[in-house]
Asks: 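Quick one: the structure is below, and I'll ask about it shortly.
In this chain, residues are counted from 1 in sequence order.
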Amino acid sequence: FAEFGYWKTDATGQRAYTSLSRQVSSKRLGKEEIWHIFQGQGHVFFQSFSALYEYDFQSVTELSPPGAVMFGTEVGGQIWVPVIGKGLYELRAVGTFQLVPGTEVLKDKIVQFLVPNGVGGVWAGTTNSGIFEVQGGQCRAWESPLNEVFKKHQLNKAVLLRGGGWAIGTILGGVYI
């Protein structure tokens, strides 16, 4: 709680912990729980529900998204975060966030994952509303009979597979490959 950092093996073979949270002077961190960690753009992001802490392997920068956030991730070289009640936001230069055009339709949905869709867009997987395709300034429900299955089976996670395709995990119906 209110702590994040990393472990590294020292010259004697012992693991030593380095606290990164000590670099953060914000009082908000004292009330935060870091629950999600991801890599993107050559940095490591430690995420709470209300903040991202960006570690560039030299220092930590606190980032303030425009609301409570779910699972941030790197998609297509960009950092995206679902903001509850608003839509998807992209992390821009100087720690600012910009609404991804068309994604306001996701404001009342819980976005569990973001993955490339294989044709230049992004799939946004929601808990109970299936997959949405984000592309060209639009966000629409994925047109596939499988999407109706996903709505019933509660989407949880998805990953792009090395050999192509996706592994999509659900809470109630297992994994689809």
Asks: For residues V44 and V24: do they belong to one hydrophobic cluster (side chain heavy atoms under 4.5 Å, members Ile, Leu, Val, Met, Phe, Trp, Tyr)?
Replies: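 Shared cluster, yes.
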
Asks: Distance-only, no hydrogens or angles: does the T103 side chain make a donor-acceptor pair with backbone N or O of L106 under 3.5 Å?
Replies: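 Checking the backbone N and O of L106 against the side chain of T103, no donor-acceptor pair under 3.5 Å is found.
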
Asks: Under the 3.5 angstrom rule, does the side chain of S59 hit a backbone N or O of D56 as a donor-acceptor pair?
Replies: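 A pair under 3.5 Å: no.
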
Asks: How many angstroms lie between atom OG1 of T96 and atom CG of L91, to the nearest 0.5 angstrom?
Replies: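 Result: 7.0 Å between the selected atoms.
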
Asks: With under 30° as parallel and over 60° as perpendicular, where do the rings of W166 and W123 fit, or are they tilted in between?
Replies: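 Tilted: the ring planes of W166 and W123 meet at 30° to 60°.
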
Asks: Are V100 and V111 joined in one hydrophobic group, where the rule is that I, L, V, M, F, W and Y side chains link up if heavy atoms are under 4.5 Å apart?
Replies: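 Linked within one cluster.
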
Asks: State yes or no: do F113 and M70 share one hydrophobic cluster built from I, L, V, M, F, W and Y residues joined by side-chain heavy-atom distances below 4.5 Å, directly or via other members?
Replies: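 Each belongs to a different hydrophobic cluster.
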
Asks: Determine whether N117 and W142 make a side-chain contact, defined as any pair of heavy atoms from C-beta on separated by less than 4.5 Å.
Replies: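 Contact flag for N117/W142 side chains = no.
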
Asks: Run the side-chain hydrogen bond (donor to acceptor under 3.5 Å, both in side chains) check on S21 and E3 step by step: do they pass?
Replies: CA-CA 6 Å; S21 56; E3 172 62 39; 2.8 Å; yes

Asks: Donor-acceptor pair, distance only, cut-off 3.5 Å: does the side chain of K86 make one with the backbone of P66?
Replies: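 Such a contact is found between K86 side chain and P66 backbone.
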
Asks: Going by the rule side-chain contact (heavy atoms from CB on, under 4.5 Å), which residues pair with R22 if we only count those two or more places apart in sequence or in a different chain?
Replies: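 Listed in chain order: S19.
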
Asks: Applying side-chain hydrogen bond (donor to acceptor under 3.5 Å, both in side chains), name anything that partners W80, two or more places apart in sequence or on another chain.
Replies: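 Scan of W80 (side-chain hydrogen bond (donor to acceptor under 3.5 Å, both in side chains), adjacent residues dropped) gives none.
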
Asks: For the residue pair V175 and T170, establish whether any side-chain heavy-atom pair is separated by less than 4.5 Å.
Replies: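 A side-chain contact is absent here, since even the closest heavy-atom pair is not under 4.5 Å.
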
Asks: With heavy-atom distances below 4.5 Å as the criterion, would you say the side chains of F38 and Q47 are in contact?
Replies: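 In short, these two side chains touch, coming nearer than 4.5 Å.
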
Asks: Ring centres under 6.0 Å, that's the criterion: do W35 and F71 meet it?
Replies: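 Between F71 and W35, which both carry aromatic rings, the centre distance is below 6.0 Å.
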
Asks: Where the side chain of N128 meets the backbone of Q154, is there a donor-acceptor pair that is under 3.5 Å apart?
Replies: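 The answer is no, because no donor-acceptor pair under 3.5 Å joins these two groups.
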
Asks: If you define the side chain from C-beta out and look only at heavy atoms, does anything of T127 sit under 4.5 Å from K109?
Replies: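 SC-SC contact between T127 and K109 ruled out.
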
Asks: Does the side chain of I131 come within less than 4.5 Å of L155's, by heavy atoms?
Replies: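 Counting from C-beta outward, L155 and I131 do come under 4.5 Å.
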
Asks: Got a second to check how far I171's CD1 is from H153's NE2, nearest 0.5 Å?
Replies: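 So the CD1 of I171 and the NE2 of H153 are separated by 12.0 Å.
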
Asks: Please check this pair: side chain of T9 against backbone of G13, looking for a donor-acceptor N/O pair closer than 3.5 Å.
Replies: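 Here the side-chain-to-backbone pair does not exist.
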
Asks: Can you hop from V60 to Y6 via hydrophobic side chains spaced under 4.5 Å?
Replies: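 The answer is yes; both residues are in one hydrophobic cluster.
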
Asks: Quick one: do E104 and K107 make a salt bridge, cutoff under 4.0 Å?
Replies: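 A salt bridge is absent here (no side-chain N lies under 4.0 Å from a carboxylate O).
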
Asks: Is it the case that the side chains of E32 and S50 hold a donor-acceptor pair, with the cut-off being a distance below 3.5 Å and no angle test?
Replies: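 Yes, a side-chain donor-acceptor pair sits under 3.5 Å.
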
Asks: Please determine whether residues Y53 and F97 belong to a single hydrophobic cluster, defined as Ile, Leu, Val, Met, Phe, Trp and Tyr linked transitively by side-chain heavy-atom distances below 4.5 Å.
Replies: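 No, no single cluster joins them.
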
Asks: Answer yes or no: is there a side-chain heavy-atom contact under 4.5 Å between L88 and L99?
Replies: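 Result no, sub-4.5 Å side-chain heavy-atom pair not found.
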
Asks: Enter the distance from H43:NE2 to Y55:OH here, rounded to the nearest 0.5 Å.
Replies: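 Separation between the atoms: 10.5 Å.
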
Asks: Check whether any side-chain N or O of E33 sits under 3.5 Å from a backbone N or O of F49 as a donor-acceptor pair, and report yes or no.
Replies: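 Between the backbone of F49 and the side chain of E33 there is no qualifying donor-acceptor contact (under 3.5 Å).
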
Asks: Considering residues at least two apart in sequence or located in another chain, which fulfil the side-chain contact (heavy atoms from CB on, under 4.5 Å) criterion with E74?
Replies: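 Counting only residues at least two positions away or on another chain, E74 forms a side-chain contact (heavy atoms from CB on, under 4.5 Å) with Q41, I79.
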
